[in-house]
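Proteins come first, then strands; the chains are lettered A, B, ... in the order of their sequence lines, and each starts at number 1.
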Amino acid sequence: MGVIRFSTLRHAPRPFRWWHAALCVTLILGAGSACGLAQQTSPTFDELAAQAAAARDQQNLPLAIDLYTRAEQLKPDWQEGWWYLTLLQYSSNQFPGAIDAANHLLQLVPHAVPAMALRGLSEFEIADYKASLRDLEMAVDHGAANDPHNEQIIRYHLALDLTRASRFQDALEQYRLLAAKNISSPEIMAGIGLAGMRSTSFPSEVNAADLALYQATGVAGFAFLFGDSLQADTLFQQVFAKYPTTPNLHLFYGVLLFSHDAGLAADQFQQEVAIAPANDSARALLAFALTIAGRFQEALPEAERAYAASPEMEMAQIALGRSLGETGNIDRGIPLLQKVLDRDPDNLEAHMGLAALYGRAGRKEDAYRERMLCLKLAK
Amino acid sequence: MSACSASSWRSRKRRLAGVVCVVAATLAIVTAIVCGWPSSRAVSAAQADTSAPVTCATCHAGVVNSYAHAPMRHAMEPATADPVLLANPDLKIQQNGYSYSVQTKDGHSTYAVTDATGTLTLPIHWIFGQHSQTFILEKDGKLYESLVSYFPREHGLATTPGDQHMKPKTLTEAMGRELPQWETLTCFNCHASSAVSGSRLTLDKLVPGLECERCHTGAQQHMADAVNGNFKTLPKSLKRMSTGDISNFCGQCHRSWETAVRAHFKGPSYVRFQPYRLQISKCFAFNDPRISCLACHDPHQPVNHDQAFYDKKCLACHGDAHVASASASAAVLPMAKSCPVAKANCASCHMPKVELPGGHVQFTDHDIRIAHPGDPYPN
């Protein structure tokens, strides 16, 4: 299933992938609706409701929307009506109307997850990315992406919103969840490339020449996220050869490698700072990765530079504090790590650094206390 | 004192001074011979006999001979001369709907897995472990960890530890778990020598097991220089490393405490990672040599399984103060409480054996503690 297919779905919404969601909502709300209907059986309302359902079944969306709207005027707490107004207007590219209908439904049922997801998708379409991010993130947290029919469209748009918000790692996590199920499309590939290379653009906003770069990078990233590290390495090497001076390529590969092998990641960050020496984030990542890899002598000069450039950057503080302490300057290292904890008391790396430096300083009890704290934090 | 006696005394003093000089000179020569000569003599002898290649054993025969039987030397067994497979030439097991066999003939071993669709047979090139053995297999340029391993306690095959959750759907999946790039590097780097160069596998140069150079970085250079009479380029002395540094050094393969915390190790599956467990112990101190890995274990020797052997290591800290004060270390290092229960077989109570889940073997828990029967496994 390609991303494109969702656009197609919007214009010709049959068979509805949202049927499942619609049914869920209907089931969730069914009891309440049925009670309401039993208590307020207005012939006019019943007629309108029946006609709206018939129009919907006949795929006459404009008529169905009109009838549902009129029915809602008679009975504004009719949840099923608001749901279909959300769904049908979204499917008809009437995004402001879909958002309005979803607002009504969510006021009545604050945890109507499918409505939350549809509102997020509609907000995306009217370029309200901040609101879209809030809704899609909440919808995913509440299980909106658990239905395989809806997962791709929701996660992809959430990833785009996260990318726009410069939350690149979170975006890559959404792509990882898609890649794990081998869900791919050219848009997803480009999206991975953009998020990986720290660009807040959407694939649709990129010119053709750049799109080729982002897609090639995304294909390599997808292979990695899918779990084929060997193929990913081959593809990344090809991209590096084709774009030897392009910034953020090695950074992306390093970030992917980091959680598996800090040493391999550090090698990539090293190549990144060789290409872009002014990239302070890459240098901080390099210093941090070298620190995690236990290569403290190498980490120290990088950490000094990263800290000088961004003294408030937590990663630079940890890298500098730890590498200073591990290379003999414990008195300067410990306060830097303590400074991190003043702002972020549960920072595991800072506590681990303190455990090591207290140990070096002969402060056995302090070191033990920090080690035990780390075990607790790690749980 | 008379002039005569004074003269006689001076004369005796002169004679005594002469004797002292001679003795000192003799001692100096003997010291020089004892300390320096054997190496240069051995190298010279090797140089004279051009048919004898210079190796580490040329000068360090004793340690090299004992290391030949040490577990690390056998971290990987040669594919054509593995004593375990030679002694068990026809191993079979059926599980999860697949039939596995490991057959050895004429020094060559093959690993086969069969289901209703056919049989997948691969040669075994790499045998990891000395007692329990797992096989690394190559298929279509990818490396796999065999899904079944050999266990000496059962004298047969069973699921490889950690793979119990796998439910293979194809012959390839049933054959083994595909290894990601970083895991492959780590596996080969810890079980073999010359198998990794930077971030690349160099399997064509692989030597099974860990050779001297693997831990003693610079040993090859030292050997080359020693042949030319240069004894200044010595590898870094591991004996002089602090307890904390040794723990991290051994932890490169046996998993350090930091590795365990970052990877969220939890439960008895990780009891096999001794540096991590040791650092959980309250008595671990970064700068106290009595709790160093090397205080109890000589990596050049086979592991001593006699618990009584380790008693004096425990008593170095927990012995009676008046006895311990006779030793040099006790003069500067504080003593800990002595055990009110026993003075022998300390490890039997304080370092209990823990069954490795799915591992078909027990490991000594290096989390040194007062362990009561029925206590939960401490994480």
Side-chain angles (χ1 to χ4, degrees), chain A residues 223-224 226-234 236-237 253-254 256-268 270-271 291-296 322 325-326 330 348-349 351-353 355-379, chain B residues 138-144 177-187 189 196 198-201 241-249 251-252 256-267 270 276-288 291 317 332-334 336 367 378-379:
Chain A
F224 192 98
F226 177 67
D228 191 345
S229 62
L230 207 64
Q231 172 73 353
D233 191 60
T234 304
F236 268 113
Q237 298 308 329
Y253 193 26
L256 290 175
L257 287 167
F258 183 77
S259 59
H260 303 287
D261 190 316
L264 291 177
D267 297 343
Q268 293 300 323
Q270 224 142 22
Q271 295 186 61
T291 303
I292 303 294
R295 290 155 62 179
F296 301 112
R322 182 77 193 266
E326 296 284 356
I330 296 173
L348 182 61
E349 281 302 328
H351 281 293
M352 288 172 76
L357 300 196
Y358 286 149
R360 282 196 186 281
R363 294 166 60 176
K364 185 180 167 184
E365 281 75 24
D366 289 336
Y368 178 68
R369 188 195 65 236
E370 288 294 338
R371 289 202 304 273
M372 292 303 104
L373 194 56
C374 288
L375 289 176
K376 254 186 213 167
L377 288 173
K379 282 176 192 167
Chain B
E138 187 176 17
K139 181 175 179 286
D140 303 330
K142 293 180 175 177
L143 293 170
Y144 297 80
R177 178 175 66 86
E178 187 182 334
L179 292 170
Q181 177 201 16
W182 49 88
E183 198 175 336
T184 310
L185 291 171
T186 307
C187 293
N189 208 22
V196 173
S199 60
R200 300 277 154 207
L201 277 181
M241 287 168 84
S242 70
T243 293
D245 286 334
I246 275 290
S247 180
N248 290 335
F249 184 86
Q252 290 176 85
S256 69
W257 173 79
E258 291 197 11
T259 302
V261 172
R262 289 193 183 107
H264 307 284
F265 286 180
K266 199 179 174 197
Y270 303 101
Y276 145 59
R277 298 302 292 169
L278 188 66
Q279 286 210 37
I280 292 180
S281 313
K282 196 169 184 180
C283 61
F284 182 85
F286 201 93
N287 295 321
D288 191 332
I291 192 71
C317 293
V332 290
L333 294 167
D367 175 7
N379 281 295

Does the side chain of A/His260 reach to within under 4.5 Å of the side chain of B/Thr186, using non-hydrogen atoms? no
Kindly say whether A/Gly359 contributes a backbone atom to a donor-acceptor pair with the side chain of B/Asn287 at under 3.5 angstrom? yes
Heavy-atom side-chain proximity of A/Leu375 to B/Trp257 below 4.5 angstrom: yes
Segment of A/Ala262 engaging chain B (4.5 angstrom heavy-atom cut-off): neither
Only counting residues at least two apart or in another chain, list the ones meeting side-chain hydrogen bond (donor to acceptor under 3.5 Å, both in side chains) with B/Thr243. none
Is it the backbone or the side chain of B/Phe284 that comes under 4.5 Å from a heavy atom of chain A, or both, or neither? both
So A/Met372 and B/Lys282, do their side chains get closer than 4.5 Å, heavy atoms only? no
B/Ile280 versus chain A, the contacting section by heavy-atom distance below 4.5 Å: both
Does the side chain of A/Leu257 reach to within under 4.5 Å of the side chain of B/Gln181, using non-hydrogen atoms? yes
Closest approach of A/Arg360 and B/Ser242, non-hydrogen atoms and distance? NH1-OG, 4.4 Å
Starting at OG of A/Ser259, measure out to CZ of B/Arg262 and round the result to the nearest 0.5 Å. 12.5 Å
Let's go through A/Asp228 and B/Lys142 carefully: what are the C-alpha distance in whole Å and the side-chain angles of both, what is the deciding distance for side-chain contact (heavy atoms from CB on, under 4.5 Å) to 0.1 Å, and is it a yes or a no? CA-CA 10 Å; A/Asp228 191 345; B/Lys142 293 180 175 177; 3.4 Å; yes
With chain B, which of A/Lys379, A/Lys364, A/Arg363, A/Glu365 has the greatest number of heavy-atom pairs at distances under 4.5 Å? A/Lys364
Side chain, backbone, both or neither of A/Ile292 within contact of chain B (heavy atoms, under 4.5 Å): both
The interface call for B/Ser256 against chain A, heavy-atom contacts under 4.5 Å, is neither
Within 6.0 angstrom of A/Phe258 CZ, more than 12 heavy atoms from elsewhere: yes
A/Asp233 CG to B/Ser199 OG distance, which is reported to the nearest 0.5 Å: 7.0 Å
Could you look at B/Asp245 and say if it's the side chain, the backbone, both or neither that has a heavy atom under 4.5 Å from chain A? side chain
One should read off an interatomic distance between B/Glu178 CD and A/Ser229 OG, to the nearest 0.5 angstrom, of 7.0 Å
In terms of heavy-atom proximity below 4.5 Å to chain B, should A/Gln231 be classed as side chain, backbone, both, or neither? neither
Contacting region of B/Gln279 [heavy-atom separation from chain A under 4.5 Å]: both
Heavy-atom side-chain contact between B/Thr184 and A/Leu230 under 4.5 Å: no
Residue pair A/Ala378 / B/His264: nearest heavy atoms and the distance that separates them: O-ND1, 2.6 Å
